[in-house]
Amino acid sequence: MAREVAALSRQERLMRSLSRGPVNVAIIAICLLWMLPSAGLLVSSFRPRNDIATTGWWTAFKTPFEFTLANYEQVLTTQGMAQSFVNSLIISVPVTVFVVMVAAFAAYAFAWMELPGRDAIFLVVVGLIVVPIQLTLIPVLRMFSSAGMTGTFPAIWLAHTAYGLPFAVFLLRNFFIALPKDLLESAFLEGASHTRVFLRIVMPLSVPSLAALAIFQFLWVWNDLLVALVYLGGFRSVAPMTVTVSNLVSSFGSEWHLLTAAAFISMMLPLAVFFALQRYFVEGILAGAVKG
Amino acid sequence: MRPRLATIAWLYVLPAFVLLGVFLVYPVANTVYLSLFSGRDTSAFVGLDNYRYLLTHPETVIVLRNNLLWLVLFTAASVGLGLILAVLSNQVRYEAIAKAIIFVPMAVSFTAAAVIWRFMYIYRPPQFEQTGVLNAGMAALGFDPVPWITNTTLNNYALIAAGVWMWTGFALVVISAGLKGIPTEVLEAARVDGANEVQIFWRVILPMLRSVMLVVAVTLTINSLKVFDLVYVMTFGNYQTDVLANRMFKEMFTFGNFGRASAVAVVLLLAIVPLMLLNIRRFRREQ
Amino acid sequence: MSWLKRTSILALTLALLVTFVACAADDTEPVDGEEPIGTVSVMGVWGAGEIEPFEEVVAAWEADTGGTMEFEGTRDLSAILRARVSGGNPPDLAILPNPALLQDFAGAGDLIALDDVLDMGALGDDYADTWIDLGTVDGDLYGVFIKAATKSTVWYNPANFNAAGYEIPESWDDMIALSDQMVADGTAPWSIGIESGGATGWPGTDWIQEILLAESGPDVYDQWVAHEISWTDPAIKSAFEKFGEVALAEGYVPGGADAILATPFQDASYLPFQDPPQAHMYFLGAFTQGFIAGQFPDLVPEDDYDFFKFPYVDAAYMGAVTGGADVVVMLNDTPSARSLMRHLATADAWESWAAAGGYSSPNRSLDVSVYPDALAAKAAEQLTESAIFRFDADDLMPSEVQNAYFAGIIDYLQQPDRLDAILGEIEAVAAEAYAQ
Amino acid sequence: MARVHFENVTKRFGDFTALRDFNLEIEDKEFLVLVGPSGCGKSTALRMLAGLEDITEGSIYIGDRRVNGVPAKDRDIAMVFQSYALYPHMTVFDNIAFGLRLRKTPKDVLTTKVKEAAEVLGVDSLLDRKPGQLSGGQRQRVAVARAIVREPRVFLLDEPLSNLDAKLRVHTRAEISKLHKRLGTTFVYVTHDQVEAMTMADRIAVMNEGIIQQVGSPQELYDEPVNVFVAGFIGSPAMNFFEAEVVEDGGGVSLDGDGFSVDVPDDRAEEMRPFLGRRMIFGVRPENIHDEHFVPSGITAAPTTVKVDVTEPMGNEVFLHLLAGKTKLLARVDPRTKMSADDEVEVVIDMERMHVFDPESREAVRG
């Protein structure tokens with residue numbers, strides 16, 4: 001099925017392409033449909049303000065062409081945009097690392113160590129996936145302000161790490177438990193400690209699923225607005241991209257020309273990360289979700 | 001040896017426990033407690049009044065209805081489309097590209113997605129040139145433009161469509177991975193046994209994908225119950241599109257009604273827990 | 001393996017950083033007395049086009065005192081502010097978009113009374129009593145109104161009016177007659193759009209409030225705001241029906257009710273100024289000037305766009321004006337915050353913004369000549385000179401009621417026959433909310 | 001009539017040619033084994049016959065019908081896969097019944113047939129289980145039962161024994177032979193194991209690098225391999241090869257190898273004369289090298305001095321790894337031999353049974 005046949009008799013090739021015809025049409029149609037919304041965003045972001053409000057983006061391809069970089073210029077030169085890009089990285093990268101580390105330790109324990117009531121505890125941990133984080137905002141903010149941590153990066157690191165943990169533990173534990181038992185047992189027989197097995201065998205073997213988790217986590221944190229707004233506030237010195245972008249919109253109405261450009265800028269890094277690590281991503285998903 | 005091992009095990013899970021306890025477990029417990037009190041200052045104990053309100057008030061009944069709509073349509077459409085695309089794209093050479101295209105929306109923030117979809121759904125009166133893709137299409141086909149976001153019979157579907165756009169990529173990637181896990185020989189055996197492609201799909205592929213589909217479906221169902229950002233950004237729950245998570249946000253932060261907000265959260269939790277149990281039971285069984 | 005080593009080093013570095021930042025964050029708390037001025041955080045709904053002029057307003061204070069202002073902008077101010085206040089981490093100052101929030105927070109004891117912060121005598125000279133009253137809760141002043149906008153402005157294109165020989169209407173009946181004339185001439189009289197994301201409906205409430213004040217007068221208006229009369233009162237119902245006379249009349253609004261619901265209010269403001277015009281009139285606050293100027297930079301104020309005052313229904317209330325305003329409140333009592341608060345309460349501070357445009361001051365001491373054009377001055381005058389001024393009613397109501405009111409506007413446009421039921425539903429929400 | 005006929009069949013995967021001008025006739029009710037090292041194209045040939053691969057060039061006939069382009073389901077064949085390819089979500093009963101169900105077989109007939117097939121393979125007690133609950137041997141039986149239940153015209157088996165342990169493999173080999181006799185159907189069986197081929201086949205087709213090397217009965221292949229490849233592939237342990245020059249030796253002919261020499265018996269000397277002065281490849285099977293003390297009667301002795309490198313006693317025989325000069329030879333000798341490692345000894349090579357190949361074409365040379 002996976003193997004493609006390059007050389008077929010002409011008749012057979014014709015038959016095959018005829019029978020594949022509808023499949024190709026369907027896939028290409030759906031792909032185009034899926035790209036349509038993003039394409040509209042991209043095209044619009046290069047159109048002058050007045051045009052966006054009065055004509056559809058597809059009319060941009062009619063002559064006379066009127067494209068402009070002004071929207072991007074305005075967004076990029078907005079005060080604090082560069083700073084907020086850095087802030088987004090300062091928030092997302094450590095959180096991603098923390099989540100992966102903390103979850104990996106816990107997941108290893110749930111998969112391979114003896115803990116009283118292990119499965120029940122695991123159930124509770126995974127059950128926490130369902131908690132809507134909005135409901136944690138106030139109690140957590142209270143703790144932060146009594147600790148004097150509001151508006152600081154460590155506060156949002158801790159909070160985001162905690163919010164990401166249930167899913168992360170769930171994913172990694174399912175992957176770890178699917179590792180070949182013999183491999184770990186032979187290491188134990190040779191006298192390796194749990195820590196050694198974890199660091200030297202389990203972690204290196206799990207790179208795909210760690211990468212998949214890291215991508216997910218990075219995307220979530222990068223794209224988060226609510227948590228940043230509440231724990232970090234909108235100060236320019238700490239505000240991430242999402243907060244700065246949402247501030248591009250004045251208190252009145254919809255500035256499409258800025259929103260489209262800003263939305264596209266905010267999408268670029270996540271997309272780059274995703275495409276760069278796509279291979280790991282699929283492998284990791286496969287491992288975590290399918291093998292169980 | 002034994003006690004020392006357990007100690008190490010506890011050390012491994014300790015950081016996770018501390019974080020989860022402080023940031024999730026404690027707030028949840030607090031919420032359940034608060035849901036029994038009324039008003040802004042949550043001083044008066046009212047028992048289950050907040051729940052009664054939630055389950056009987058016309059406005060909140062619409063919220064429950066909408067969540068049900070999300071649960072059924074969003075989950076079914078995402079899983080269904082993901083399955084169809086996984087099977088179809090498995091047969092073409094540009095599979096990787098096709099999957100990446102479908103997956104892209106996963107990498108988009110809800111804020112950006114909301115911008116994108118408000119752009120799709122823009123409505124202008126019939127006598128004007130349409131600037132939204134959908135209404136331009138309607139106009140090209142000779143229909144009147146449709147106010148997708150405000151029309152109360154359509155707007156929930158319009159929001160769900162945006163959700164499906166975002167999450168089908170997830171379903172596709174996971175189901176496709178599952179599909180690749182089916183040994184080619186089993187499909188060939190079915191072919192030799194006399195099954196045509198349609199029969200192979202229904203009687204061999206689909207049953208073998210069951211557990212993968214279940215994982216995807218449960219994940220998406222949980223998402224459908226927790227859906228917040230899209231609704232928050234696109235309609236804020238106006239025009240009868242409100243959902244539980246947004247309602248909770250509104251009650252808590254806009255109205256300052258903590259008791260009621262907590263009750264909404266508890267209902268949300270209670271709705272999701274059975275699904276979670278289902279998911280975990282499946283994993284237990286497979287081990 | 002080296003990957004792991006690198007990550008552990010990274011983690012360690014970050015852990016050190018945590019301690020460092022946590023310590024660094026602590027030393028900004030000031031001590032009592034006239035201490036050196038530090039950083040003041042200000043939260044508001046303002047975004048692009050508003051933050052920059054506000055920073056200019058603060059620049060003078062920063063230069064004088066050596067303090068700095070950090071602005072936190074968020075579209076969903078009430079939610080974020082409530083979370084921050086509940087979490088014990090409010091900003092020093094906040095610029096609230098409506099007095100209802102002020103009353104809410106002041107009532108809960110979250111705001112600092114300003115009576116001993118500001119020179120109350122000078123404030124009384126600068127502001128009409130209406131503004132002082134709106135900022136007062138239980139006898140204490142909690143907020144100073146800084147940026148206001150009259151809402152009684154109907155925008156039109158003078159060139160088009162002249163060409164067609166249309167007269168500016170003074171009464172409601174004149175306006176309806178003019179509208180019918182326009183329909184007969186082939187162009188829709190009105191452009192209306194009430195879409196505004198999460199706050200959809202509010203431009204409609206501006207109509208209701210304007211009509212209610214122009215028809216039933218300020219006393220009924222006040223009773224309504226205080227919920228001393230029911231939402232099912234004939235005066236309220238009449239205001240809705242008069243709104244319907246315009247919004248739902250055949251041929252009055254391009255696209256009818258569907259378009260009103262789905263069109264963003266900002267986009268709707270463009271129609272009278274397009275070439276050819278798609279409509280002749282647009283009713284919304286003075287800030288509409290900014291939309292028109294932004295979309296059509298070549299148009300000349302007064303020649304190509306202008307406004308007239310919303311007509312009276314009952315001649316007794318001919319000069320009545322509604323409006324809205326942003327109010328600055330204090331949440332942390334620090335010398336720095338007090339210092340900035342005092343600065344913001346002066347008329348001089350705002351001259352730069354007034355000159356830059358898009359700003360009307362409720363402060364009588366601000367010289368009208370600083371406004372950049374005659375329209376801006378005219379709008380500011382309408383605000384400060386009006387015989388009867390009433391604050392935007394929905395901004396004074398509890399948020400549940402405001403929410404139900406917005407929803408009521410939407411429902412009414414979709415199902416005008418259900419008006420009685422819709423008003424009954426809002427009343428039910430109000431009865432509960434005001435009881436608390 | 002279920003003859004199978006490959007006619008000038010070629011299969012290419014992109015630039016790689018898996019099968020080159022493949023011609024083979026398989027008679028009705030014949031048990032034909034395709035054997036060869038992995039990657040030789042044997043599985044490709046089988047899968048083309050099954051309809052699982054397209055045919056690049058040439059034709060395949062089942063009976064009189066040209067089946068190019070006919071989907072697998074319409075070829076009336078059944079196949080047992082190496083991994084058994086059981087449907088994991090179905091019970092054993094449903095696995096066996098699947099093909100019949102697709103053909104809308106009436107329910108009572110279906111049940112009878114499934115039970116019959118299960119009984120034949122001895123899996124009738126497992127009908128309610130799922131494949132996950134079966135052992136490897138049981139799974140293999142279910143796979144066979146699933147194939148036979150449909151009474152196909154041709155029965156294809158793709159390395160069906162390779163996942164079984166050695167003991168079970170020997171046992172199942174015999175069972176499959178019995179099954180073939182009982183069913184009276186054409187069997188095409190693919191394996192890389194020449195023992196399986198020798199023990200079960202009516203005829204064997206030896207393949208290498210996409211080309212059929214030789215087709216014939218097991219004995220023909222053993223006795224008269226047409227080239228070095230077949231000679232080395234058939235027979236276990238494999239045939240010894242050495243290069244040697246053919247020289248005149250006092251009226252007789254002898255072979256001058258690297259560091260050893262052996263006489264050619266008179267009755268084959270004439271045959272060697274045309275190659276006098278040339279280096280040829282010679283093949284001797286291990287069973288044709290004997291301990292000088294235990295030479296069976298009736299063979300023409302050609303004694304040679306060699307050094308014993310390693311001895312491997314097997315109980316019923318002893319394998320001797322020998323060094324004749326630089327040439328390594330393996331001998332399979334009588335268990336009573338006293339030879340031990342490092343001994344300089346005399347062995348007797350039955351040169352009448354020697355095989356001679358042309359060093360260039362590597363084809364067998366016949367006198």
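Please read all numbers here as calculations on a predicted model, not as lab measurements. The chains referred to below are lettered A, B, ... by the order of the sequence lines, with proteins before strands, and numbering in each begins at 1.
The two atoms that bring A:Ala106 and B:Ala16 nearest to each other are CB-CB, 3.8 Å, heavy atoms only. When every heavy atom of A:Trp34 is checked against every heavy atom of B:Ile101, the shortest pair comes out as CD1-O, 4.1 Å. A:Ile129 approaches B:Lys226 most closely through the heavy-atom pair O-NZ, 2.8 Å.
For B:Ala96, the part lying under 4.5 angstrom from a heavy atom of chain A is the backbone only. Contacts of B:Ser89 with chain A are made by both backbone and side-chain atoms, with heavy-atom separations under 4.5 Å. A:Leu158 touches chain B through backbone and side chain together, each having a heavy atom under 4.5 Å away. Proximity to chain A (any heavy atom under 4.5 Å) is restricted, for B:Leu85, to the side chain, taken from C-beta onward. Heavy-atom distances place the side chain of B:Leu268, and not its backbone, under 4.5 Å from chain A. If you measure heavy-atom distances from B:Leu81 to chain A, the contacts under 4.5 Å come from the side chain alone. Interface residue B:Val22: backbone and side-chain heavy atoms are both found under 4.5 Å from chain A.
Between the CD atom of A:Glu114 and the CD1 atom of B:Ile8 there is a distance of 12.0 Å, given to the nearest 0.5 Å.
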Assess the residue pair A:Gln134 and B:Met252 against the criterion (side-chain contact (heavy atoms from CB on, under 4.5 Å)); give the C-alpha distance rounded to whole Å, side-chain angles, the decisive distance to 0.1 Å, and a yes or no.
CA-CA 9 Å; A:Gln134 296 93 335; B:Met252 182 175 282; over 6 Å; no
Decide yes or no on side-chain contact (heavy atoms from CB on, under 4.5 Å) for A:Asn223 and B:Val108, but give the supporting numbers first.
CA-CA 7 Å; A:Asn223 288 332; B:Val108 174; 5.8 Å; no
Could you go through A:Val140 and B:Tyr26, starting from their C-alpha distance and side-chain angles, then the distance that decides it, and tell me whether this counts as side-chain contact (heavy atoms from CB on, under 4.5 Å)?
CA-CA 9 Å; A:Val140 171; B:Tyr26 159 68; over 6 Å; no
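Contacts with chain B were tallied for A:Pro116, A:Gly40, A:Ala159; A:Ala159 has the most, counting heavy-atom pairs under 4.5 Å. Counting heavy-atom pairs closer than 4.5 Å to chain B, the top-ranked of the candidates A:Thr242, A:Ile121, A:Leu33, A:Val99 is A:Ile121. Here A:Ile138 is the residue among A:Thr161, A:Ile138, A:Val273, A:Thr59 with the most heavy-atom pairs under 4.5 Å with chain B. Across A:Leu135, A:Leu225, A:Thr136, the residue that shares the most heavy-atom pairs under 4.5 angstrom with chain B is A:Leu135.
Note on ring orientation: taking the six-membered ring where Trp is involved, the planes of A:Phe216 and B:Phe170 are tilted (angle from 30° to 60°). Note: B:Tyr12 and A:Phe198 have perpendicular aromatic rings, judged against thresholds of 30 and 60 degrees for the angle between ring planes.
Side-chain contact between B:Phe119 and A:Ser44: present, with at least one pair of heavy atoms (C-beta onward) separated by less than 4.5 Å. No side-chain heavy atom of A:Phe98 sits under 4.5 Å from any side-chain heavy atom of B:Leu19.
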